[in-house]
Asks: 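Before I ask anything, let me first share the structure, which is written out below as structure tokens.
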Amino acid sequence: MELACPRFLPTTDGPGRSRSRAEMKRLQHELAEEAVFADDFEAPEALGTHSGPPVAGVDQAFRTGDSEAAVSAAVLVRGERVVERASAVREAGIPYIPGLLSFREGEAVLAALRALSGEPAVTLVDGSGRVHFREAGLATHVGVALDVPTVGVAKSLLCGQPRRSVEGLETGERVAIEADGDVTAPDGTVIGYAVQTRQFDSPNRHINPVYVSPGHRVSAATAADVVLGCTAGYKLPEPTRLADAAAADLR
DNA sequence: GCGACAG
DNA sequence: ATCTTGTCGC
């Protein structure tokens, strides 16, 4: 993958000085304008880890010490095989701030993805995409910077409102996440889906859904389809699960 | 001021 | 994200 929009790099420092929080938010508004929350890639059908084109997954771990470093691991999966792995380590620009995650981990993610020589049809990024206050979560930031299809996969909901309860959903079920007053999109806009990738049979123990949202060049419905297509018996889709394990090892 | 918040 | 043992349930 190659960098497509240098102006959207999630750098913490601007020309000479340091990027302020307001400037980071401003960049996110510009990113959202550039983002395409509709299907715009080859073969949107036949997606998934079971057949069709390769899908990439990226996830991060952190090395602590005098200064924090983000370790990003990217994996390219095709069918049931990992066909390529890449990684990168970058200084964490800022501490964790809800809504500004891409400025903390983005540099490492972009470096890891750029190190992949293969071309995935779509890339699964850990975190939110359009489910974000300014519709510019990590998945959207990365997708626009590289101008590649991306999907955000988060384990918890940053903002927005589930259309109905997400408790006890069956495997394969999904509930729309709508924009509310905390999101820039018009109220009611479907910005993502709670997707139940796995669920236990009996009523005692239950698994929470993953929150899927469009990053770039993918619609909300297709994003959910891609995640279900890449699921193989675990809560997290394979590309994400494998990247998660890889990042943990590299830590 | 209060609340709320991916990784 | 990370710190951490056991424990409940299938």
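Throughout, protein chains are lettered first and strands after them, A, B, ... in sequence-line order, and every chain is numbered starting at 1. Atoms considered below: every heavy atom in the structure, side chains included; atoms not considered: hydrogens, waters and symmetry mates.
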Asks: As a test of understanding, state which of Thr123(A), Asp147(A), Thr150(A) forms a side-chain hydrogen bond (donor to acceptor under 3.5 Å, both in side chains) with His216(A).
Replies: Asp147(A)
Asks: Write down the distance between CZ (Arg104(A)) and C1' (dG7(B)), rounded to a whole number of angstrom.
Replies: 7 Å
Asks: NA contact type, Ala70(A), heavy-atom cut-off 4.0 Å: base, sugar-phosphate, or nothing?
Replies: nothing
Asks: Kindly work out whether a path of hydrophobic side-chain contacts (I/L/V/M/F/W/Y, heavy atoms less than 4.5 Å apart) joins Leu124(A) to Val148(A).
Replies: no
Asks: Could you say whether Arg205(A) or Lys155(A) is positioned toward the 5' end of DNA chain C, judged by the nucleotide with the nearest heavy atom to each?
Replies: Lys155(A)
Asks: Give me the first and last nucleotide of DNA chain C, going 5' to 3', that has any atom under 4.0 Å from a heavy atom of chain A.
Replies: dA1(C) to dC10(C)
Asks: Atom CD1 of Ile94(A) to atom P of dG7(B): distance rounded to whole Å?
Replies: 16 Å
Asks: Rounded to whole angstroms, how far apart are CG on Leu157(A) and P on dC5(B)?
Replies: 9 Å
Asks: Under a single-linkage definition using a 4.5 Å side-chain heavy-atom cutoff for Ile, Leu, Val, Met, Phe, Trp and Tyr, are Leu236(A) and Leu138(A) assigned to the same hydrophobic cluster?
Replies: no
Asks: When all nucleic acid strands are considered with a 4.0 Å heavy-atom cut-off, which category describes Asp126(A): base, sugar-phosphate, or nothing?
Replies: sugar-phosphate
Asks: Base, sugar-phosphate, or nothing for Phe133(A), non-hydrogen atoms under 4.0 angstrom?
Replies: base
Asks: Can I get a per-line list of side-chain donor-acceptor pairs under 3.5 Å for residues 103-116 of chain A, giving both atom names and the distance, sequence neighbours left out?
Replies:
unit_1, atom_1, unit_2, atom_2, d
Arg104(A), NH1, Glu68(A), OE1, 3.0
Arg104(A), NH1, Ile94(A), O, 3.0
Arg104(A), NH2, Glu68(A), OE1, 3.0
Arg104(A), NH2, Glu68(A), OE2, 3.1
Glu105(A), OE1, Gln60(A), NE2, 3.0

Asks: dA6(B), OP1 or OP2 - any side-chain N/O from Tyr96(A) closer than 4.0 Å?
Replies: yes
Asks: Does dC5(B) have its OP1 or OP2 closer than 4.0 Å to a side-chain nitrogen or oxygen of Ser156(A)?
Replies: no
Asks: Without decimals, in angstroms, what is the distance between Leu158(A) CG and dG7(B) P?
Replies: 9 Å
Asks: Distance check needed: dA6(B) P versus Phe103(A) CZ, whole Å only.
Replies: 17 Å
Asks: In whole Å, I'd like the distance from the CZ atom of Arg251(A) to the C1' atom of dG7(B).
Replies: 13 Å
Asks: In whole Å, I'd like the distance from the CD1 atom of Ile97(A) to the P atom of dC5(B).
Replies: 17 Å
Asks: Would you name the heavy atoms of Gln199(A) and Thr171(A) that are closest together and state the gap between them?
Replies: N-OG1, 3.1 Å
Asks: For residues Phe41(A) and Thr222(A), determine if any side-chain heavy atom of one lies less than 4.5 Å from a side-chain heavy atom of the other.
Replies: yes
Asks: Determine whether Ile177(A) and Val210(A) fall in the same hydrophobic cluster, where Ile, Leu, Val, Met, Phe, Trp and Tyr are linked whenever their side-chain heavy atoms lie under 4.5 Å apart.
Replies: no
Asks: How long is the line joining CG of Leu236(A) and C1' of dG7(B), in whole Å?
Replies: 13 Å
